[in-house]
Amino acid sequence: MSPAIRVHRLTRRHLIAVAAAAALGAVGAFRGLREPRAEEGLPGPPGEPGFDETYRGRRIQGEPATGAAVHGPGGWRVTVDGKPLGLMRRADGSYLSMLDHYQSYATPLAAARGAVDELGAHQTLSGRLH
Amino acid sequence: MVYTRRNQNTLSRAERRRFVDAVLRLKRRGEYDEFVRTHIDFYVSDGDDRLRVAHMTPTFLPWHRRFLLDFERALRRMDDGVTVPYWDWTKDRSPAASLWSEDLMGGNGRRSDRRVMTGPFARRNGWVVKEAVTDGDFLTRDLGRRSDPLELPTHRDVTWAMAETVYDVEPWDSTSRRGFRNRLEGWTEESGSARWRSHNRVHRWVGGHMLGGGSVNDPVFWLNHAFVDLLWSRWQRLHPDSAPYLPAKPPTLGDAQYRRIVARREAMPPWRTTPQDMLSHKTIYRYAE
């Protein structure tokens, strides 16, 4: 059975804004959409502009981030029900979460959904990143 | 005096109890959780531009050998007759194996929240998880991943790793296509449950805490790594003409792995120990095979 996914209105507006900006060639003007760590020659752009959705009853949110806002070394700030989820980047460009070091995902969104699957119905994140 | 690490399935009832008691004593003293923290702190992924010594790296084997030695030294301060047993998962492959009995590792987690309910490491029997990325203070397991079952690694996985004549190859990470280290660690380019081999697949099969940053919270961590350590020894015996560790020299400036991996005679944090120091254990312990 595939879990219900609901994208919040805010996110939909955000996506439209991003699409419009891309059409104008002005993506770079949006702070926070900068390719994380590109200056360090690490694997390429995150490929999507952030997310905010309810997946299996949990709210998952994520956006590219730099500096102190980053949750883990993956270049993203991701939360599940408001609690930070540490993401790490693999050499092939995929993402791992602190909940599961052995399954890699193509995107931070997929990694966040995978973390929710692993949490199941009865567990929550402690807020500890590492 | 050289001591012996034994297959867990050969331990007598009294030997099982002594091992478990020594682990519980370390836990009560707070020392056990220091090992949990160290392992969490040193999990650095290979897309991260800094030194990684524990996983996805040539030092995966010598780093964990030293980590096990520290743990075993602590255990032997509690009881000098105890050593870390190993779990040969090519043979003891079922949740019904004696490994998971109440006097050793205890059983599977219950379905609802994966909480381990039996044995010395159940919350109700006093084992409290303190260092974890989830909020529950109880140990969790999901043996065989009940929602989407998979098997433990097989003898074929081990043979596939053992057949490699080179210890490790560039780019010295989880994407290395050849080399004993990456094959035993268990990273592949495959999809579905075929993606996990040997060491990684055992972590996936046990599930719960063993999957993530807090894997040391489950004492079966040590039994898995003792077997991985035994397999490294066996590989050295099978390939006496192969370099026992690579790289011999650190990558130079301009190399993608510059300052991110440890060469044969460089220190592995948090210790001053080098891979060279860990190439032979014969003056410290042996394996009963």
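Below, read A as the first sequence line, B as the second, and so on, with proteins coming before strands; counting in each chain starts at 1. The figures that follow rest on heavy atoms only: side chains count, while hydrogens, waters and symmetry mates do not.
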Worksheet item: Sequence neighbours excluded, which residues qualify as salt bridge (Lys or Arg N to Asp or Glu O under 4.0 Å) partners of Arg177(B)?
Response: Glu189(B)

Worksheet item: What residues form a salt bridge (Lys or Arg N to Asp or Glu O under 4.0 Å) with Asp168(B), not counting sequence neighbours?
Response: Arg181(B)

Practice prompt. Please look at Leu99(A) and chain B and tell me whether the side chain, the backbone, both or neither of the residue comes under 4.5 angstrom of a heavy atom of that chain.
Written response: both

Item to complete: Provide the closest heavy-atom pair for Leu99(B) versus Leu223(B) in the form atom of the first, atom of the second, distance.
Response: CD1-CD2, 3.6 Å

Which atoms of [X] come close to chain A, meaning under 4.5 Å heavy atom to heavy atom: side chain ones, backbone ones, both, or neither?
X: Ser147(B); result: neither
X: Met210(B); result: backbone
X: His39(B); result: neither
X: Asp173(B); result: side chain
X: Arg201(B); result: neither

Worksheet item: So, Lys130(B) and Asp137(B), do they make that salt bridge, N to O below 4.0 Å?
Response: no

Discussion item. Is the distance from the ring center of Tyr245(B) to that of Tyr167(B) below 6.0 Å?
Written reply: yes

Fill in: Arg59(A) and its side chain to side chain donor-acceptor pair (under 3.5 Å) partner, picked from Asp81(A), Asp52(A), Thr54(A), Thr79(A)
Asp52(A)

Item to complete: Look at His209(B), His55(B), Arg114(B), Met56(B) and state which one has the largest set of heavy-atom pairs under 4.5 Å with chain A.
Response: Arg114(B)

